[in-house]
Amino acid sequence: MQFARIGATGKEIPALLHDKKYYSLEQVTRDIDADFWETNGPARAAAALAAGELAELTVDGVRIGAPIARPSSVICVGMNYAAHAAESGSAPPSVPIIFHKAPNTVAGPFDPVAIPRGSTKTDWEVELGVVIGRRASYLDSPSQAHDYIAGFVTVNDLSERTFQLEVSGGQWSKGKSCAGFCPTGPYLVTPDEVDARGLRLRSWVNGDIRQDSSTRDLIFGVEQVIYDLSQFLVLEPGDLVCTGTPEGVALSGRFPYLKAGDVVELEVAGLGRQRQEFFQG
């Protein structure tokens with residue numbers, strides 16, 4: 001199944017995407033949020049669709065929001081692809097490197113993004129995002145993790161490298177939590193329709209390819225990441241886990257950083273494509 005949210009910021013309508021048509025879920029749920037996942041929302045949505053109870057939505061010219069409501073946490077894994085670790089000047093990590101993005105960075109996949117004031121090193125990062133469906137704490141093994149996943153999304157883990165690495169005091173979140181720095185979507189796909197072990201990830205800047213890799217190259221796979229996180233913190237329904245970016249970012253020194261007027265596009269196979277135009281904040 002595929003879920004989306006349609007409408008102006010703060011007024012999004014929860015929707016089911018089926019056969020390329022959007023159907024309102026307003027009679028099923030108030031939002032694609034923790035309560036939706038905790039109350040068997042996908043099954044209720046499927047039943048309402050089968051019964052012909054869902055009204056079709058007209059989406060032409062309407063904003064596509066992030067497919068999830070603001071989560072309680074956005075948790076990210078750093079340097080989870082060996083080639084990206086190398087281009088960052090680091091050895092591959094022996095344990096997952098974890099940092100947080102502010103939950104209010106979650107934005108629509110086509111929303112324009114402001115380059116922060118004083119920024120000279122705004123960077124792109126295509127990532128596979130994992131949305132949590134059940135409260136997860138102290139899982140017994142990585143094999144349990146699949147049962148705690150609500151779905152998968154495309155994410156752009158935007159970063160300001162000076163804020164992240166040079167004036168951070170060693171904590172990355174300062175360079176990860178600028179306004180709009182977590183475009184998500186355009187839709188969420190449930191785990192029964194996704195094999196997360198071999199998804200192609202790509203990004204482009206102004207039409208030129210920057211990243212082209214696969215989740216096969218993850219150092220720590222999705223299930224290992226969820227298991228590991230559960231040993232140190234509590235994952236709540238609706239939380240977003242960003243699993244890391246492959247090589248091909250500006251931090252490598254091979255490409256210029258983003259400037260006003262640039263357009264970034266990115267895609268995870270089967271999870272939809274994003275496009276952001278950048279302007280000076």
Side-chain angles (χ1 to χ4, degrees), residues 4-12 59-67 70 74 76 78 81 84 87-88 101-129 153-168 172-187 200-213 240 242 244-269 271-281:
R5 296 166 68 249
I6 312 300
T9 303
K11 298 180 180 179
E12 293 92 347
V59 298
D60 290 345
V62 180
R63 173 181 175 269
I64 305 294
R70 182 181 295 180
V74 180
C76 306
Y81 291 79
H84 175 58
E87 73 177 357
S88 303
K101 291 177 83 82
N104 66 0
T105 60
V106 173
F110 309 109
D111 291 350
V113 179
I115 294 177
R117 293 182 185 179
S119 169
T120 59
K121 294 183 179 179
T122 295
D123 207 348
W124 60 88
E125 293 190 11
V126 61
E127 303 200 8
L128 172 66
V153 292
T154 300
V155 171
N156 189 357
D157 175 20
L158 288 162
S159 309
E160 210 299 329
R161 302 303 188 185
T162 299
F163 302 170
Q164 177 192 355
L165 301 172
E166 299 175 32
V167 296
S168 64
W172 289 359
S173 294
K174 184 188 292 185
K176 296 285 188 171
S177 294
C178 304
F181 262 31
C182 193
T184 303
Y187 44 79
R200 188 180 187 185
L201 308 92
R202 290 180 292 172
S203 68
W204 300 260
V205 177
N206 300 325
D208 295 326
I209 192 73
R210 292 290 186 259
Q211 297 171 279
D212 189 352
S213 189
L240 176 62
C242 304
T245 198
E247 66 174 321
V249 297
L251 180 62
S252 68
R254 293 186 288 139
F255 309 110
Y257 287 100
L258 297 173
K259 64 183 185 304
D262 284 345
V263 174
V264 171
E265 297 172 276
L266 39 82
E267 180 178 53
V268 179
L271 303 181
R273 186 168 177 139
Q274 300 186 359
R275 183 183 189 275
Q276 294 104 36
E277 297 183 13
F278 286 76
F279 66 95
Q280 186 59 54

Note: Pro109 and Gly185 closest approach over all heavy atoms is CB-C, 3.8 Å

Report the C-alpha distance between Leu158 and Glu125 in whole Å, list the side-chain angles of each, state the deciding distance to 0.1 Å, and finish with yes or no for side chain to side chain contact (heavy atoms under 4.5 Å, CB included). CA-CA 6 Å; Leu158 288 162; Glu125 293 190 11; over 6 Å; no

Less than 4.5 Å apart, any side-chain heavy atom of Val205 and any of Val263? no

Taking the side chain as C-beta and beyond, is there a heavy-atom pair between Asn104 and Arg70 under 4.5 Å? yes

How long is the straight-line distance from CG of Leu258 back to OG of Ser119, given to the nearest 0.5 Å? 8.5 Å

Nearest 0.5 Å, what's the CD1-OH distance between Ile115 and Tyr257? 13.0 Å

Test item: side-chain donor near acceptor, Gln211 and Thr245, under 3.5 Å: yes

Quick one: do the Asn156 and Gln276 side chains pair a donor with an acceptor below 3.5 Å? yes

Have Gln274 and Thr154 got a donor and an acceptor in their side chains that come within less than 3.5 Å? no

With side chains defined as the heavy atoms from C-beta onward, is the minimum distance between Val153 and Pro67 less than 4.5 Å? yes

Measuring from Asp208:CG to Glu265:CD, what's the distance to the nearest 0.5 Å? 10.5 Å

Counting only N and O atoms by type, is there a donor-acceptor contact under 3.5 Å from the side chain of Glu127 to the main-chain atoms of Cys76? no

Quick one: side chain to side chain donor-acceptor pair (under 3.5 Å) partners of Asp157, sequence neighbours excluded? Lys101, Lys176

Is Thr105 reaching over with its side chain to a backbone N or O of Ala102, donor-acceptor style, under 3.5 angstrom? yes

Please report the interatomic distance CZ(Phe181) to CG(Asp123), rounded to the nearest 0.5 Å. 9.5 Å

Given 3.5 Å as the limit, does a donor-acceptor pair link the side chain of Ser177 with the main chain of Ser173, or not? yes

Rounded to the nearest 0.5 Å, the OG1 atom of Thr120 sits from the CZ atom of Phe163 at a distance of 8.0 Å

Heavy-atom side-chain contact between Trp204 and Arg273 under 4.5 Å: yes

What's the shortest heavy-atom distance between Ala107 and Gly180, and which atoms? CB-CA, 4.3 Å

For a side chain to side chain contact (heavy atoms under 4.5 Å, CB included) check, start with the C-alpha distance between Arg63 and Phe110, then their side-chain angles and the critical distance, and finish with the verdict. CA-CA 8 Å; Arg63 173 181 175 269; Phe110 309 109; over 6 Å; no

Over all heavy atoms of both residues, which pair between Trp124 and Val249 is shortest? Give the atoms and the distance, please. O-CG1, 3.1 Å

Criterion salt bridge (charged side-chain N to carboxylate O under 4.0 Å, His left out) on Glu166 and Lys121, from CA distance to verdict: CA-CA 11 Å; Glu166 299 175 32; Lys121 294 183 179 179; 2.7 Å; yes

Rounded to the nearest 0.5 Å, what separation is found between the CD1 atom of Ile64 and the CZ atom of Arg275? 14.5 Å

According to side chain to side chain contact (heavy atoms under 4.5 Å, CB included), who are the partners of Ser168, at least two apart in sequence or on a separate chain? none

Among Asp212, Val155, Val264, Leu266, exactly one meets side-chain contact (heavy atoms from CB on, under 4.5 Å) together with Val126. Which residue is that? Leu266

Write down the atom of Val106, the atom of Ala66, and the distance for their closest heavy-atom approach. CG1-CB, 3.7 Å

Is any side-chain heavy atom of Arg5 closer than 4.5 Å to one of Tyr187? no

Looking only at atom types and distance, does a side-chain atom of Ser159 sit under 3.5 Å from a main-chain N or O of Arg161, one as donor and one as acceptor? no

Any sub-3.5 Å donor-acceptor pair from Glu267's side-chain atoms to Ala269's backbone N or O? no

Could you tell me whether the side chain of Glu12 and the main chain of Gly10 form a donor-acceptor pair under 3.5 Å? yes

